[in-house]
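Heads up: the structure comes next, in structure tokens.
Computed from heavy atoms alone, side chains included, the values below leave out hydrogens, waters and symmetry copies. Letters A, B, ... are given to chains in the order of the sequence lines, protein chains preceding strands, and every chain is numbered from 1.
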2 protein chains.
Amino acid sequence: MTAPAPKELPRYAAIRRDLESAILSGRWPPGHKIPSEHALVARYGCARMTVNKALSALAASGLIVRHRRAGSFVATPSTEESILEIHDIAGEAQGAGKPYRFELRARAVRKATATDAARLQVKAGTAVLALSSIHHVAGAPYAAEDRLVNLAGVPDARAMDFSDTPPGSWLLEKMPWSRARHRISAINADAAIARSLKIARGTACLMVERETWLQDLPITQVRLIYPGERHHLLAYFSPAGRSRR
Amino acid sequence: MTAPAPKELPRYAAIRRDLESAILSGRWPPGHKIPSEHALVARYGCARMTVNKALSALAASGLIVRHRRAGSFVATPSTEESILEIHDIAGEAQGAGKPYRFELRARAVRKATATDAARLQVKAGTAVLALSSIHHVAGAPYAAEDRLVNLAGVPDARAMDFSDTPPGSWLLEKMPWSRARHRISAINADAAIARSLKIARGTACLMVERETWLQDLPITQVRLIYPGERHHLLAYFSPAGRSRR
DNA sequence: GAGTGGTCTAGACCACTGA
DNA sequence: CAGTGGTCTAGACCACTCA
């Protein structure tokens, strides 16, 4: 009467997959209460240790949070910025009340051009939302953002006015995501970037391109350009290496 | 007779800490066979599930590898490059036999200057090894490396001749490490960098600074400069965010 | 107080694989 | 074939915390 052996996935892995798909599909949004271990034991007809193993793994991966007495809940995704911490070298007064302002420069809904399609990894002709904006901190340009949103994946974005809402924050709250890739490079500021960020042409800039997927559906692609040597990215690692592939 | 409750760490966490410290201290080098679950059960006087939880966690974190019948072994650290994958945009013929050459430009043992001390986070006056070198790929400069090694932590480095051996590889094989921090920024190539990498002055370069610790002992600090837009860094993430602090 | 997760036990069967 | 890890069970006590 031990280990019925579905000849497939281990039971704890199957349970984990079920819960994960409910979360990543959006059926269980952030904050949703996950059935208690007791309930899952009943549903899956297995021992509590088995359910516990699945839930512990989900908690370790950060997809859910667990509290005694209260229960387990779908976690709210961490902010994009914290994934790869971005620090402003100059204004280290960041902990304090740094005045922040978001400026939308351009907004357009269009059928994906060849360039858009390549960036977002969708088929040309798919409806996309293109947003250009500047982030200001302490009155000075902090970063230039150029973003594409896949309207097939995030239809609500079409009606959304991003004049005051940074699309990154909005997307994070609105959409679950399962995978992101960062591509980091150094570029010399061209005329347009120099003007936007109020820096000299040719200044070395850090360009971070981030692609976000929900399973295999591209959600958004964003290109963030940080002026010169005033910024850097920090990443902490332990021996295993946490990069995925 | 359940859960003797050491009133301290959970037992599985205590076991994990013990094993981890044996590995990170170097007492158990890469490849060392870890006692079997059965043996650990005897040593710690607990149930097999408990030691299994500790070992599974170590395996998940990548510190050990486990094989049926064979046993569990201390893992060989992954290469530094794979931690944050560095790709050469131009020479995507990397999979093939890319001719690689290492060129040591300068080598010096000295008492840490104030600058050294700040970079390595050791006290000024500590013996350090300073190495400057160029990595060539396909006959062209690929990256400039400027490294400090803490001789208090890695005494063997003093006698080592790095004319042909990249110190990064040597250190990886020689020393365990428990923590690394990457700092990534963009800089304009100054005259010296331009000369070393054979690029134009002012070209935007990606600068990666990596600090590596063994517990709280600084091991090495390295500054790698990649020429211009020919390189980028890739990082993959899942929602939890894998950066540490 | 009662429900929830945190941890633990003392077994068990199985699959894999090196000797 | 025997040792090892992989998985699972059916209980248990405890700590925490919300109502």
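- Aromatic pair B:His135/B:Phe102: centroids less than 6.0 angstrom apart.
- A salt bridge is defined here as a Lys NZ or Arg NE, NH1 or NH2 lying under 4.0 Å from an Asp or Glu carboxylate O, and B:Asp146 with B:Arg119 meets this definition.
- When the P atom of D:dA2 is taken as reference, atom CZ of B:Arg69 falls 11 Å away, rounded to whole Å.
- Salt bridge B:Arg210/B:Glu145: absent, no basic N to carboxylate O contact under 4.0 Å.
- In this model, the phosphate group of C:dG3 is not approached by any side-chain N or O of A:Ser36 to a distance below 4.0 Å at OP1 or OP2.
- Rounded to the nearest 0.5 angstrom, A:Asn150 CG and A:Leu120 CG are separated by 5.5 Å.
- Comparing A:Cys46 and A:Ala70, the nucleotide of DNA chain D nearest to each residue sits closer to the 5' end for A:Cys46.
- Atom NZ of B:Lys53 is separated from atom C1' of D:dG5 by 18 Å (rounded to the nearest Å).
- For A:Leu55 and C:dG5, the CG to C1' distance is 9 Å, given to the nearest whole Å.
- Between the CD1 atom of B:Ile64 and the C1' atom of D:dT4 there is a distance of 13 Å, rounded to whole Å.
- Look at CZ on B:Arg48: it is 8 Å from P on D:dG6, rounded to the nearest Å.
- In this model, the phosphate group of D:dC8 is not approached by any side-chain N or O of A:Tyr12 to a distance below 4.0 Å at OP1 or OP2.
- Separating the CG atom of A:Leu40 from the P atom of C:dT4 is a distance of 11 Å, rounded to the nearest angstrom.
- Closest to the side chain of B:Met49, from the set D:dC8, C:dA12, D:dG11, is D:dC8.
- At the phosphate of D:dC18, neither OP1 nor OP2 sits under 4.0 Å from any side-chain N or O atom of A:Arg68.
- Between A:Leu171 and A:Val154, the shortest heavy-atom contact is CD2-CG1, 4.0 Å.
- Contact between the side-chain N/O atoms of B:Ser72 and the OP1/OP2 oxygens of D:dT4 is not found at any separation under 4.0 Å.
- Between the CG atom of A:Leu9 and the C1' atom of C:dA15 there is a distance of 16 Å, rounded to whole Å.
- The base of D:dG6 has none of its N or O atoms less than 3.5 Å from a complementary donor or acceptor on the side chain of A:Arg11.
- Between D:dT4 and B:Arg66, no contact under 4.0 Å exists linking OP1 or OP2 to a side-chain N or O.
- The nearest whole Å value for the distance from the CD atom in A:Glu37 to the P atom in D:dA12 is 16 Å.
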